[in-house]
Structure formats: structure tokens, C-alpha cells
Amino acid sequence: MGWDAFGLPAENAAIQRGVHPNDWTLNNIRVMKEQFRRWGILYDWSKEVTTCEPDYYRWNQWLFLRLLENDLAYKKKSPVNWCPSCNTVLANEQVVDGACERCGSTVRQRDLEQWFLRITDYAEELLAGLDDLDWPERVKVMQRNWIGRSEGADLDFALPGIDETLTVFTTRPDTIHGATFMVLAPEHGFVPRLIADHPRRTEIEAWIDRVRNTPRIEREEEGLAKEGWDTGQVAINPATGEEMPIWLANYVLIEYGTGAIMAVPAHDGRDLEFARQYDLAVRLVYHPRDRELDPQEMTEPVIGEGEIRDAPPFDGLSDSPETVRRFIDWAAGLGWGRGRVTYRLRDWLISRQRYWGTPIPVVYCEDCGVVPVPDEALPVELPYDVEFTGREGNPLAHSEAFVDAECPSCGGPGRRETDTMDTFVDSSWYYLRYLSPTDGERIFDRDLADRWAPVDQYIGGIEHAILHLLYARFVCKALADLDLIGFREPFSRLFNQGMITHFSEKSGRVEKMSKSRGNTVSPDRLIESMGADTERVYTLFLGPPEDEVEWNDEAVSGANRFLNRLWRAHEALADAPATGPADDELERLRHATIQRVTTDLDRFKFNTAVAALMELGNGLTRSLESKTVSRLGCEQALDTLVQLLHPFAPHMTDELWRRRGHDGSLVEASWPDFDEDKLRRDRVTIVVQVDGKLRDRIEVAADADRKSVEGLALASAKVQQHLEGRAVSRAVVVPGRLVNLVTEARP
RNA sequence: GCCGGAGUGGCGGAACGGUAGACGCGACGGACUCAAAAUCCGUUGUCCGCAUAGGGCGUGGGGGUUCGAAUCCCCCCUCCGGCACCA
């Protein structure tokens with residue numbers, strides 16, 4: 001069990017209620033442990049880990065230093081996402097629709113110097129590795145989308161006006177003959193020189209400023225109007241030798257590719273829209289085969305069809321990956337292009353301007369610069385005595401005792417880094433610490449790690465699809481490259497549990513059950529009234545665990561009735577007869593239930609496992625009431641039921657187990673086995689169909705051969721009635737299941 | 001727009017290509033009770049039908065494959081989720 005205990009909620013509680021984050025967190029852990037106890041949830045507490053303890057976060061710092069040594073951690077100034085409410089920067093993955101993933105505030109852009117981890121070095125492996133993981137498809141798809149690989153080429157364009165070469169990234173180098181203008185992001189490095197002599201320079205600069213300061217959410221908004229300026233400069237199209245005007249526009253993003261594009265309006269919707277808006281030339285490369293298009297009139301780009309014309313030696317080629325490849329080879333041969341793959345994934349921003357996290361272990365020295373804290377000096381501990389005001393700025397920065405530090409290199413005066421790490425760093429490797437949680441010498445025991453990890457079965461919510469799960473994969477690969485572990489993927493199999501939803505009085509809708517929505521059902525009260533076993537059985541019976549399921553307060557009684565019936569069944573055992581005619585039937589059901597529950601548990605189908613247990617319970621109850629099964633048979637059925645039910649309802653089953661006279665706890669008892677022979681029946685019910693429609697059911701000996709089953713089916717009066725004298729042309733016999741009689745004159 | 005997932009009774013949900021609706025909730029009828037609760041028994045997809053006789057129709061819609069389709073294939077609709085001015 002691990003407590004992912006650092007993070008903003010603790011610090012916000014401190015600000016709002018004046019409780020220290022450390023006290024608040026440790027108290028929450030205590031309360032939650034007690035809750036687990038009441039639920040009957042079992043963990044191996046000797047493997048407990050708490051990320052906010054120095055014992056743990058010291059190894060976070062140690063890991064950071066290794067990444068720093070290997071150039072996988074670095075600091076740079078760049079535009080970053082700033083949440084004004086949380087008063088900290090956020091990683092791209094923590095910005096959802098332009099808003100803070102945690103609090104929902106609109107995120108602003110700020111230029112700040114921040115620490116990053118070089119996850120982009122692993123983009124290709126993170127993408128390729130997904131194919132071999134036994135993970136839900138949707139999680140893999142989300143990661144693929146997030147990594148955003150695109151294959152294409154870098155192409156060089158001469159800019160005679162400023163004596164530079166402009167490189168653009170394009171996935172369609174095969175359309176270069178149709179490139180009629182260039183577009184740069186307003187932030188592109190060449191822009192100041194390109195517009196230096198522009199007659200309306202100040203206007204352009206004002207516009208650039210406005211675009212830069214547009215909040216991310218607005219700039220990414222759908223249907224945002226395209227705006228641009230002609231720089232008055234030109235680039236030379238290396239394929240045609242022609243001059244092309246260079247424009248600046250808000251639809252080109254500095255973060256992607258090279259921050260500049262070649263615009264091919266005939267074959268790109270965005271470029272076409274821009275060309276029409278500013279009356280720029282349009283030239284077709286791929287001409288549709290079935291119609292003539294006037295480039296000056298066309299309103300839709302030509303995509304994925306047509307053949308190349310007026311671009312020797314490529315004339316006649318169709319739009320295909322092979323054509324793209326030939327263009328790349330051609331450009332490469334002439335020296336103005338080369339194949340390249342780009343990714344949407346950005347490096348992981350881990351700096352946080354908050355107190356309740358792992359201090360980043362570096363010291364700034366005027367003489368030596370950025371100096372890592374030596375391993376022996378770890379952990380850099382969080383000071384307890386800090387003021388929480390809620391004002392902007394990290395409380396750590398106001399703690400002189402923390403900030404003042406000696407330079408580890410020269411011994412001179414230094415200033416400690418006050419940024420703390422994103423809590424996703426804490427959770428990116430914790431599974432390795434589980435193996436040796438108290439080891440004071442090492443981050444983890446490599447031998448144990450290589451023996452136990454990767455994790456065979458991981459369980460988590462979909463909300464971690466591109467956060468925790470991507471970071472943990474990255475850190476695993478980095479650890480492997482640092483030769484600290486011998487595997488490159490942390491979690492072999494992943495299961496996504498669904499959310500529990502419930503009607504919310506506040507919104508009048510069925511929503512995710514959460515405290516903030518005020519639609520929670522207190523497990524404590526339910527446990528109080530019906531017991532933890534009812535709570536557990538019902539929760540598992542709700543529906544498939546991977547689905548979103550709605551909590552139904554009324555349906556809980558079903559689980560409660562089931563358990564009560566079982567208890568009464570135990571009390572009724574004494575009245576069972578010595579011998580019973582239906583012993584075999586209950587015995588068969590008992591074995592069938594063992595089989596069903598065992599396989600259902602393996603498949604995580606807890607809802608159908610509970611259903612199977614209820615069926616055995618019903619069978620037993622009926623037997624006891626009708627007194628058709630011997631006492632021994634009933635006792636066996638009850639014992640098996642109690643054993644199979646134990647993981648679902650541990651408290652009551654353990655009690656019943658003892659009352660039945662067994663020694664010890666069911667936790668230590670073995671799982672029941674089923675006997676194939678006992679599953680067999682002597683006589684089976686066979687369904688008879690005529691032309692695929694159910695017409696009758698017949699009883700036959702289980703080992704009856706096809707011919708005799710067919711004969712019995714034909715002998716059925718109901719079947720004869722439906723055949724109406726038509727001849728049977730074919731009989732499909734599925735042993736033990738059905739007979740389908742196919743007639744000649746079928747409709 | 002691209003990609004992924006899902007549509008089954010009044011409700012939650014079951015169904016290796018082989019009896020659609022297991023199991024549970026709810027509802028209705030009955031037993032017990034002075035009464036209620038609890039408990040127990042029965043009915044409960046829908047339509048025709050006096051029927052607890054028989055039959056028609058039924059797994060979002062339309063085609064197809066098959067002796068047989070909720071399940072496999074194609075097209076469409078709706079909902080949920082991810083990505084999206086990504087060159």
C-alpha cells in the first residue's frame with residue numbers, strides 16, 4: 001500500500017484551515033486506514049510507503065540527480081502553463097481544454113525558467129512499446145494521440161532578403177510544387193529581421209504582441225479567425241525556383257515542427273482559407289482525374305486523390321506514401337531536404353512553486369552556477385516551520401533557513417532551489433520501492449526489482465491514461481538506461497476500473513460520485529446499518545468493474561437479503577433429512593458454481609460471480625425448504641458457498657465457517673476444487689428448432705448419438721405440426737444443445 | 001474532421017456463433033399478521049388470445065454471411081471518451 005501524499009490538497013487545507021500539511025496528511029492516512037479496516041480490506045502493511053516522508057522523497061531527489069547527470073533533467077526558460085488559482089506552473093498533461101486539470105481555472109502563459117525531464121527523448125519508444133502491452137485499447141490510443149507522431153520531411157527554403165535558410169517541417173513534401181507562400185509563427189526567430197524595414201513595423205509588432213498574449217484556450221479555440229501579415233520578404237521555392245511571399249499568421253504554432261510552414265493552399269484546408277482571405281496564389285499539384293478544377297475558384301482542397309501534373313519527373317503519380325518517399329529522396333539528393341519524424345509530445349515540466357512536494361536538490365552559487373546537492377547530503381528536507389499565507393509565491397522561498405545554503409562545490413554562499421517536484425514524479429517509480437520500503441541504502445533492491453517487476457496486473461482509473469501511466473513508462477525506460485533495472489515497461493497488464501455514478505441533488509443529474517459534487521453515499525453509514533459484507537457484495541454486484549455503474553440505494557437490499565438468507569440456511573441445516581432424492585442435483589450445482597466463480601474471478605467478472613453465488617444460495621434454500629436434499633448434501637453446499645463467498649463477504653463467512661465447526665480462518669483455507677465428472681448430467685434438455693425457430697424441447701440421454709437425437713426430435717408432435725409434411729433436407733445436431741431441422745421449402 | 005468505445009425488459013445487467021433477458025432491483029398477486037415491518041410463494045419483454053393452449057414480434061436502424069446472429073461483415077443513426085489550425 002502506498003500513500004501518494006504530496007500535493008496541493010494538503011497545502012490548500014493548510015491555507016484554508018490553518019492546519020499544517022504534514023499533520024493534515026498524516027491524519028488523513030490514519031482515518032483512511034481505519035476505513036479500510038472497517039471495509040475488511042487487506043494489505044501487506046509491511047510494504048507500506050508514504051511519499052511525503054523523507055525516507056521516500058529522498059530517493060526522488062536521488063533519482064532526479066541521476067537524471068540530471070545524464071542530461072535527462074534540465075532547466076530552461078520557456079512559455080509555461082500558469083494556474084493563477086493554484087499559484088504554480090503545470091505540465092501540458094495537466095492542462096485540459098485550456099484549464100487547470102485540478103481546479104478548473106483558465107491557464108495563462110508565462111515565460112519562466114523551469115525544470116524539465118526529457119521525456120521526448122523516449123517518444124518513439126513510448127509509442128512503439130504500446131503495441132506489446134496488454135492494456136485497454138483506449139488507453140493506448142490516448143497515449144498514441146498524445147505522443148502525436150508524424151512522419152514527413154524538413155525542407156530548406158532560401159530567404160535572400162535576410163540571407164538565411166528557412167527550414168519547415170511538412171508531412172507532404174510531395175506537394176512542394178504547389179507551395180505558393182510561406183507562413184511563420186509570430187514568435188519565429190527570423191521575424192524581427194524579416195520585418196525590420198517594413199513600413200508598418202510597429203503595427204505588426206503590436207499584432208505579434210497581441211497574438212502572444214492570447215490565452216492558450218482562446219488561441220486553440222475552434223474556428224478562431226485566421227490573421228496574418230505580409231512581411232514583404234520572399235523565399236525561393238527550391239522545386240520551382242519561384243519566389244514566394246513570406247507571411248506571418250496566428251494559425252502557425254511555434255511549438256510544433258519548426259514554427260514555420262510552406263503553404264500549399266490547393267491541398268490544405270487551412271492554407272486555402274488563408275489564401276482566399278488574403279488573395280494569395282493557389283496552384284494544383286494533384287489534379288483530380290474525374291474533373292477539371294480552376295485553382296482560382298476551388299473552395300475545397302484536393303486531398304487523397306488525383307495525379308501529379310507539371311512537376312517532372314513525378315508527373316502521373318498518385319497520392320501515396322511511396323510518392324512522398326520519392327520526393328524526400330529527391331530533395332535529399334539535391335541537398336535541400338531530409339526525412340524527419342516529429343512528435344506532439346513536449347518535455348515534462350516538473351517544477352512546482354508549492355511547498356508540499358519534494359524539494360529539487362540543487363543549490364545556486366554565484367561562482368559555480370547550478371550545483372547538484374551531493375548524494376550524501378540527501379534528503380533535502382522540507383522545513384516544518386513555514387508560513388502558509390495563500391499569497392503568490394512558494395512558502396519555501398520565504399523560509400530563510402531553507403533558502404540559505406552553502407555551495408556544495410566551493411563552500412561559498414548559495415541559494416537553495418525552492419521549486420518542488422510535480423507529484424507525478426513520486427508516483428512514477430513507487431512500485432519498485434514496495435519491494436524494499438525501508439531500505440536506507442538504496443532507492444530499491446535491483447535483484448528484487450528484476451525478480452518481481454514489471455507489475456503483472458495494474459489497476460487504475462482512466463484519468464491516469466496520459467499522466468501517471470505515461471510518466472511511469474518514461475521513468476522505467478530511463479531507469480533501464482541508467483542500468484538500474486533490467487526491464488523497460490513498468491506495467492504488463494492494465495485494467496481500468498470504471499467510476500461509480502450517483503444521482504446528484506445539486507445538479508439534478510447522474511454524475512461521477514465525488515465529494516465535490518455532493519452525491520456520495522457514505523460507506524460508513526451503510527456499513528453501520530447493513531454491514532461491510534453487504535456493502536462489498538453489492539458494490540461488486542453493481543455491474544462489470546470496467547464499466548461506469550450507477551449506485552442504486554434500493555438495490556443494496558438485494559445483497560443484504562442474500563446474506564441474511566445464507567445465515568438462515570445455516571440455522572435450518574439441522575432440520576434437513578438424512579437422505580434426499582435431489583442430492584445429485586444440488587451437488588451438480590455446487591460444482592458448477594465452483595467452476596463459474598473461479599473463472600469469473602480470473603476474468604474480473606465479479607458481478608457474474610456474485611450472481612452464481614446467489615444461484616447456489618437459492619438452490620440450497622429451496623433444498624432446505626422442500627427437504628429434498630440430505631443434511632450432508634446441504635452442509636457441503638453451504639460450506640462451499642461460504643468458501644467461495646469469503647473474498648466478497650469475509651466477516652460473515654468466517655463466522656459461519658467457525659460455527660460449522662471448522663478450525664482456523666477461511667483466509668488460510670484452500671480454494672475449493674470442482675470435479676468435471678460431477679458437472680455431467682445423465683439426461684440433458686435439447687432444443688429442437690425447425691428452420692432456426694424454437695419449436696420444442698426434448699430430454700435425451702447425455703451420451704445419445706446424433707442419429708438417435710435427430711430421430712427423437714422428429715418424433716416430437718410439436719415438431720411434426722410445424723413441419724406440416726415438408727421434407728427435412730438437413731438436420732444440424734449440436735450434441736447436448738440443439739437440433740435444427742431444415743426443410744426443403746424454406747421461405 | 002480523425003481515432004476509440006458503447007447502444008439488450010420499467011431499472012442495473014446476463015448470454016464459448018446454438019433456448020435472448022441469468023442474477024438482482026422494482027412492480028403486481030398471494031401466504032403469515034389484529035395491523036405493519038421482516039420473511040416466504042407465484043407472476044412479470046411485448047402483441048394477439050379466456051388460457052398457467054398456441055402463436056406473431058423482439059438485442060439502435062438497414063443490408064449481408066450462416067442451418068442458426070445480441071454476437072461476424074458492410075452502411076447509417078445516437079450517446080460517451082480522446083486528439084484537433086499539429087503543417
Side-chain angles (χ1 to χ4, degrees), chain A residues 96 136-150 152 168-173 175 179 183 185 219-226 249-253 255-264 267-271 273-274 303 342-345 462 465-466 537-538 541-544 546-559 561-562 564-565 568 596 605 607-618 621-622 625 685-697 718 721-722 728-743 746:
Chain A
V96 178
E137 191 56 29
R138 62 176 171 157
V139 176
K140 295 203 219 181
V141 167
M142 282 164 76
Q143 292 213 351
R144 283 190 195 109
N145 283 343
W146 190 258
I147 294 165
R149 181 184 202 269
S150 44
V168 304
F169 174 76
T170 177
T171 55
R172 301 307 305 267
T175 61
V183 190
R219 212 172 151 181
E220 287 178 356
E221 209 163 83
E222 199 171 348
L224 181 71
K226 290 186 174 43
N250 60 346
Y251 77 95
V252 174
L253 308 173
E255 315 90 66
Y256 192 76
T258 64
I261 63 161
M262 65 174 197
V264 185
H267 302 296
D268 183 286
R270 298 154 298 177
D271 295 345
E273 185 191 338
F274 193 76
I303 290 163
T342 59
Y343 302 90
R344 210 187 69 99
L345 182 69
I462 189 70
I466 50 175
V537 168
Y538 174 64
F541 185 60
L542 266 173
E546 67 273 24
D547 286 359
E548 188 176 281
V549 287
E550 188 186 340
W551 184 272
N552 178 345
D553 297 285
E554 286 184 322
V556 181
S557 58
R561 279 179 206 153
F562 165 55
N564 285 337
R565 258 201 301 271
R568 284 198 302 271
R596 281 176 65 187
K605 296 285 180 194
N607 55 328
T608 51
V610 172
L613 291 166
M614 286 173 167
E615 283 183 63
L616 180 57
N618 292 343
T621 307
R622 266 197 306 275
E625 264 165 26
T685 303
I686 295 271
V687 169
V688 184
Q689 297 177 335
V690 174
D691 291 331
K693 284 192 191 259
L694 174 68
R695 295 305 179 191
D696 199 8
R697 295 182 169 91
K718 284 178 186 169
Q721 197 181 320
H722 283 280
V728 173
S729 62
R730 186 179 163 191
V732 180
V733 179
V734 181
R737 281 204 173 269
L738 63 70
V739 178
N740 187 11
L741 302 169
V742 186
T743 63
R746 294 185 56 234

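Between B:rC3, B:rA14, B:rC83, one nucleotide has an atom nearer to the side chain of A:P544 than all others, and that is B:rA14. The side chain of A:R568 lies closest to B:rU39 when the candidates are B:rC85, B:rU39, B:rG13.
Taking A:E548 as the reference, nothing meets the side chain to side chain donor-acceptor pair (under 3.5 Å) condition, with sequence neighbours excluded. With sequence neighbours excluded, the residues that form a side chain to side chain contact (heavy atoms under 4.5 Å, CB included) with A:E550 are A:T501, A:V510. Residues satisfying the side chain to side chain donor-acceptor pair (under 3.5 Å) criterion with A:T171, sequence neighbours excluded, are absent altogether. Residues meeting the side chain to side chain contact (heavy atoms under 4.5 Å, CB included) test with A:I462, sequence neighbours left out: A:R138, A:V139, A:M142, A:A465, A:N496. For the side chain to side chain donor-acceptor pair (under 3.5 Å) test, no residue two or more places apart in sequence or in another chain qualifies with A:Q689. Scored by the side chain to side chain donor-acceptor pair (under 3.5 Å) test, A:R695 finds A:H722 as partners (sequence neighbours excluded). Residues passing the ring-ring contact (aromatic ring centres under 6.0 Å, His included) test with A:F541, sequence neighbours excluded: none.
B:rG54 has its base anti relative to the sugar, with a glycosidic angle deviating from 0 by more than 90°.
Annotation: cation-pi geometry not satisfied between A:K226 and A:F274 (NZ/CZ under 6.0 angstrom from ring centroid, within 45° of ring axis).
Within the nucleic acid shown, A:R695 comes within 4.0 Å of sugar-phosphate atoms alone, with no base atom in reach, counting heavy atoms only. Using a 4.0 Å heavy-atom cutoff across all strands shown, A:P136 reaches no nucleic acid atom at all.
When the nearest nucleotides of RNA chain B are assigned to A:I462 and A:G543 by heavy-atom distance, the more 5′-ward of the two goes with A:G543. Taking for each of A:G148 and A:H722 the nucleotide of RNA chain B with the nearest heavy atom, the 5'-most of the two is the partner of A:H722.
Checking the phosphate oxygens (OP1, OP2) of B:rC57, a side-chain nitrogen or oxygen of A:K693 falls inside 4.0 Å. Contact between the side-chain N/O atoms of A:H267 and the OP1/OP2 oxygens of B:rA87 is not found at any separation under 4.0 Å. In this structure, A:R730 reaches the B:rC67 phosphate: one of its side-chain N or O atoms is under 4.0 Å from OP1 or OP2. For B:rG54, one of the phosphate oxygens OP1 or OP2 lies less than 4.0 angstrom from a side-chain nitrogen or oxygen of A:K718.
One atom, CD of A:Q721, and another, P of B:rG54, lie 9 Å apart when rounded to the nearest Å.
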Worksheet item: What string of B, S and - do you get for nucleotides 17-31 of chain B, 5' to 3', if B is base contact, S is sugar-phosphate-only contact and - is no contact with any protein heavy atom under 4.0 Å?
Response: -BB--BBSSS-----
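Taking atom C1' on both nucleotides, B:rC85 is separated from B:rG17 by 47 Å, rounded to a whole Å. With C1' as the reference atom, B:rG62 and B:rG7 are 16 Å apart, rounded to whole Å.
Nucleotide B:rA84 is matched to nothing when pairs are restricted to Watson-Crick or G-U wobble geometry with both distances under 3.5 angstrom.
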Under 3.5 Å, N/O pairs linking protein and nucleotides 45-48 of chain B:
none

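Using modelled atom types and a 3.5 Å distance limit, the side chains of A:Y538 and A:N552 yield no donor-acceptor pair.
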